[in-house]
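Naming: A, B, ... by sequence-line order, numbering from 1 per chain.
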Amino acid sequence: MVKDKATVVVVGGGATGVGILRDLSMRGIDALLIEKLDMVNGASSRYHGLLHSGARYAVKDQEAAKECIKENTILRRIGKSCVEATTGMFVQVEGDDPDFVDPWLKGCAESGISTRELSKEEALRLEPNLSRKLKVAYEVPDGAIDGFRMSWQNLQSAARYGGRYKTYTELIKVNIENATVKSITVRDNVTKEEYDIECEILVNAAGPWAGKVAELAGLECNVSPSKGTLIAFNQRITNHVVNRLRKPSNGDIFVPHGSITILGTSSITIPDPEDTSTSWEEVEELMKTGVGVFEHLRDYRILRVFAGSRPLYVPKGAEGGRNASRGFVTIDHEKEDGLKGMMTICGGKFTTYRLMAEKFCDVLAPKLHNTAKCRTAEEDLVPEVSEAEKKAARQYFPSYGVNLAATRLGVEKFGDVVKTLKEQPETREVLCECENVTMAEIQRIAAEPTSHCVADVRRRTRLGMGTCQGNYCAIRSAAVANKLFKNKFEGCSDSLSDMKNFLQARWKGITPVMAGKTLREAEMTRGMYELLFNVNGGRRG
Amino acid sequence: MSKSDVVIIGNGVAGLMAALVSADEGKKVTLLSYGAGTFPLNSGVIDILGYDEQGKAVNSPITGIDQVPDSHPYKKIGMAAIEDAIKYFKKTVADEGFAYTGSLKEQQWLITGIGTLKPTCLLPESLQGSRCFDASEIVIVGVKGLKDFYVDMVKENLAKELGADKKYTTITVDTYITGRDLTTRDVAKWVESDKGYGEFLAQIKGQAGAGKAVIVPQILGTKGDYVVYKKLSKDLGCTVVETTGMPPSVNGIRLRDVLLSALKKKGIRVVENAKAEKAIVKGDKVTAIEAGGEVRTQTYEADKFILATGGFYSGGITMRDFGEYKEMVFGLPVEGDCVEERWVNKQLFSDKKQAFSMAGVRVDDSLRAVDESGNVVLKNVYVVGRNLSGYDFCFEHSGNGVALTSAYKAAKA
């Protein structure tokens with residue numbers, strides 16, 4: 001049954017998909033994005049959140065380096081609410097190859113990336129946790145970017161131009177007539193309902209899942225998922241992004257985000273993009289390399305380990321993994337395979353998501369006789385919350401959490417939340433002390449049509465994602481779920497399951513690092529929930 | 001500093017118990033404390049053994065103890081010491097006016113802050129949950145602004161445990177305290193005050209009455225004296241039941257205060273903010289402990305040392321990297337099954353014990369650490385509580401039980 005139609009349907013709610021939705025919408029093209037789960041559940045949130053300056057690619061891939069610095073500059077301007085302009089450092093410690101420095105400097109200069117040499121003293125003054133074995137340090141314009149916020153802000157921007165999006169909507173069939181895509185069949189993963197969406201062009205932007213989407217249309221797309229494992233530390237170990245100045249390898253990059261630091265990554269080719277498992281060996285490899293840069297690394301508490309799959313596109317006969325190109329391809333299936341009305345975008349990097357969308361839509365738009373120019377670099381993703389509004393909010397809100405809440409909520413929802421806080425004092429309850437999330441914010445996000453369960457709210461608000469990793473808010477979130485989502489979503493049905501599922505989702509990232517201070521934390525989690533609350537139930541036998 | 005007979009390191013349940021028993025043995029005792037102990041995180045009820053090896057509820061702790069494997073601390077402590085330890089504890093708290101109910105023979109049940117039932121062995125009367133099993137109506141009292149006690153959640157889970165044939169009602173009282181979120185301790189202070197008690201009573205009285213049971217968070221006063229509990233039970237004319245809850249645990253703090261009061265009466269020296277850092281060893285004996293204070297390191301000499309530093313949980317044992325165990329004061333050998341496939345269960349709330357939770361110091365029947373060949377490492381050092389290997393305090397609900405009974409045994413040795 002046909003229930004919906006759009007000129008273009010974009011499949012995939014990662015950085016690539018949201019970038020395309022925004023670009024198309026700003027060109028005046030009617031577009032709808034579908035995502036099989038919640039937004040940004042793949043590589044766009046499962047990575048280190050580095051806004052590349054391009055310096056990492058300066059030696060091997062100058063084209064990528066040039067793209068990065070250009071996009072870096074644009075994103076700093078249009079994405080003030082999701083970018084933290086930290087600046088970055090490239091460092092060498094004893095034992096690193098000194099001959100790598102000159103070609104790297106040359107590559108940066110040729111790519112237009114500014115570098116500034118720091119004396120050892122200055123580097124250590126700026127980043128006192130750096131290893132005393134530091135030899136060389138340069139400053140570059142790297143930054144940190146929040147994948148969740150960036151993606152949601154792209155969606156908000158697209159929505160202002162009529163762009164639409166549906167979460168928990170999975171493509172299950174591509175309906176083809178006369179070698180032309182006519183419509184798609186999707187399944188609503190919440191209601192299990194299946195229905196058709198008519199479209200003129202289907203865009204496959206499914207990242208590491210692009211091969212599976214292509215298969216549904218009877219095509220081949222040789223994407224090779226490459227798993228990267230990352231470690232999140234409980235402290236802000238560094239204020240700069242810190243890169244190892246050497247040929248890019250595993251465990252080279254530290255990126256600070258708010259109160260935490262992320263160390264990444266590995267690169268392992270895997271058959272299934274759903275595989276986000278991690279092992280002691282991967283963790284140890286990252287730690288061993290990381291200790292070279294921050295020598296006290298093993299004394300910091302690890303919050304969790306996570307992994308995601310890069311969507312590396314491998315042309316037939318080419319090499320995958322670390323040596324595969326980080327570039328992207330646009331495939332017009334009409335030209336390549338004789339199937340009209342379907343295009344695939346594959347590969348690429350988070351930092352250049354906007355440029356990828358621009359180039360892709362430059363090919364797509366003419367097919368629809370649309371001649372509008374790309375405007376995505378000209379306009380801010382979202383308007384900023386004004387200082388006056390923030391000041392007003394501080395009366396009802398934990399003051400130090402105001403900035404964060406403003407950037408994650410945006411003008412409209414921030415206004416709503418502050419109004420609720422003002423009018424209903426009981427909603428001032430802070431459910432998550434780590435990330436300063438109030439009941440009012442939870443209620444507001446829960447009311448969004450894309451929120452079906454606590455996990456959705458968690459990703460939007462950061463409830464339970466901070467330093468306590470859900471220890472204190474699992475019970476609160478279960479209570480909220482009970483109130484707000486009862487019977488709305490499978491799995492959000494009884495408070496004990498909600499609480500267990502909430503903590504289990506955290507546990508997955510904790511198990512591979514059950515050592516050091518993480519071990520203490522785990523004893524506490526179990527002490528509270530298994531012992532004090534006996535969540536496994538009472539008179540079982 | 002003058003020499004003691006016994007130095008006890010740690011001020012949790014095990015440390016305080018070891019100090020009391022040692023003092024009763026006529027010993028001169030010094031207790032080194034660092035931090036608040038685990039009491040604010042501790043239910044303050046004494047679990048002995050809630051669930052067996054298969055995770056099945058144990059109806060009689062004493063029978064359950066019989067069936068634990070030989071590697072379990074209870075087997076080393078022995079039934080006689082366990083029984084004596086329970087008697088000793090019950091007398092100590094009763095003498096302080098905070099009598100605990102329950103015995104080794106019959107499991108007790110309390111109601112948790114989310115409405116599930118939890119098995120335990122000894123507990124304050126105000127937490128005795130089975131008293132409401134026969135009530136016709138359960139009245140669940142929440143407090144406005146109090147986090148972590150959600151009346152709807154308690155109702156949902158309690159109805160599953162006690163049956164849907166009872167009537168369940170919920171009410172939420174107002175403390176008239178504004179401007180911030182409340183903890184149970186805040187509310188307990190409010191209920192303890194004359195004004196607060198009056199306001200509290202006025203708001204719930206209409207709902208209570210004969211045949212009903214009133215379920216409240218841990219708010220019936222901050223002290224272990226039953227004053228508020230008895231008064232409220234009388235004024236409402238029905239059963240009143242407190243629940244366990246999130247930290248800060250009011251009942252854990254009540255138990256700490258009661259035990260500290262007993263300690264004080266016995267003249268035990270408690271040194272605060274003294275982190276035991278190093279042992280001075282002569283041959284196979286320890287002669288003294290060096291402990292860091294605010295300004296300088298102090299040496300504490302004794303004939304006997306009891307290590308109650310709380311395992312991984314309290315930093316008594318660390319594992320900086322996989323398999324790199326370290327017992328922080330004496331460097332005692334730690335055993336554990338630190339193998340990737342077994343160290344952590346994939347499920348947090350698992351049907352198996354967690355290997356990481358079973359790691360600890362291996363001891364002999366006298367609770368002294370032994371090496372792999374079974375030889376005692378240090379002849380005058382005894383290991384108690386969470387430092388011991390061979391039990392998963394969460395899976396089996398045995399944490400305070402092992403703490404209490406091992407401390408008793410070590411103090412008597």
Is the number of heavy atoms from other residues, nucleotides or ligands under 6.0 Å of Tyr300(A) OH greater than 12?
yes

Honestly, the part of Thr120(B) sitting under 4.5 Å from a heavy atom of chain A is neither

Asp392(B) versus chain A, heavy atoms under 4.5 Å apart: side chain, backbone, both or neither?
side chain

Think Arg254(B) forms a cation-pi with Phe39(B), using NZ or CZ under 6.0 Å from the six-ring centre and within 45 degrees of its axis?
no

Most contact-rich option vs chain B, by heavy-atom pairs under 4.5 angstrom, among Val535(A), Leu519(A), Thr525(A), is Leu519(A)

For chain A, find which of Thr112(B), Leu348(B), Asn59(B) contributes the most heavy-atom pairs closer than 4.5 angstrom.
Leu348(B)

Please flag which part of Thr318(B) lies under 4.5 Å from any non-hydrogen atom of chain A: side chain, backbone, both or neither.
neither

Single hit among Arg459(A), Arg458(A), His452(A) for side-chain hydrogen bond (donor to acceptor under 3.5 Å, both in side chains) with Asp456(A):
Arg459(A)

Give me the ring orientation class for Phe312(B) and Trp343(B): parallel if the planes are under 30° apart, tilted from 30 to 60°, perpendicular past 60°.
perpendicular

Give, as side chain, backbone, both or neither, the part of Tyr150(B) having an atom under 4.5 angstrom from any heavy atom of chain A.
side chain

Can you find a pair of side-chain heavy atoms, one from Val437(A) and one from Ile442(A), that are under 4.5 Å apart?
yes

Is it the side chain or the backbone of Tyr396(A) that comes within 4.5 Å of chain B heavy atoms, both, or neither?
neither

Contacts satisfying salt bridge (charged side-chain N to carboxylate O under 4.0 Å, His left out) that involve residues 462-475 of chain A (not counting sequence neighbours) are Glu435(A)-Arg462(A)

Among pairs that include at least one residue of residues 314-325 of chain B, which meet salt bridge (charged side-chain N to carboxylate O under 4.0 Å, His left out), considering only residues two or more places apart or in two chains?
Arg298(A)-Asp321(B), Asp299(A)-Arg320(B)

Ser314(B) side chain vs Gly311(B) backbone, donor-acceptor pair below 3.5 Å
no

Presence of salt bridge, Lys118(B) and Asp47(B), under 4.0 angstrom
yes

Assert top hit (heavy-atom pairs under 4.5 Å, partner chain A, pool Val45(B), Leu41(B), Asp181(B), Leu110(B)) equals Asp181(B)

Counting only non-hydrogen atoms closer than 4.5 Å, can you tell me which residues of residues 509-517 of chain A sit against chain B?
Thr511(A), Pro512(A), Val513(A), Met514(A), Ala515(A), Gly516(A)

Contacting region of Glu284(A) [heavy-atom separation from chain B under 4.5 Å]
side chain

Residues, nucleotides or ligands: over 12 heavy atoms within 6.0 Å of Glu426(A) CD:
yes

Suppose the criterion is salt bridge (charged side-chain N to carboxylate O under 4.0 Å, His left out): which pairs have a residue in residues 470-482 of chain A, not counting sequence neighbours?
Glu433(A)-Arg476(A), Arg476(A)-Asp148(B)

For chain A, which of Gly245(B), Gly145(B), Gly323(B) has the most heavy-atom pairs under 4.5 Å?
Gly245(B)

Among Leu182(B), Ile114(B), Thr244(B), which residue has the highest count of heavy-atom pairs closer than 4.5 Å to chain A?
Ile114(B)

Where does Lys160(B) contact chain A at under 4.5 Å (heavy atoms): side chain, backbone, both or neither?
side chain

Distance-only polar pair, side chains of Ser495(A) and Asn157(B), donor-acceptor under 3.5 Å:
yes

Between Thr178(B), Asp152(B), Asn345(B), Thr38(B), which residue shows the highest count of heavy-atom pairs closer than 4.5 Å to chain A?
Asn345(B)

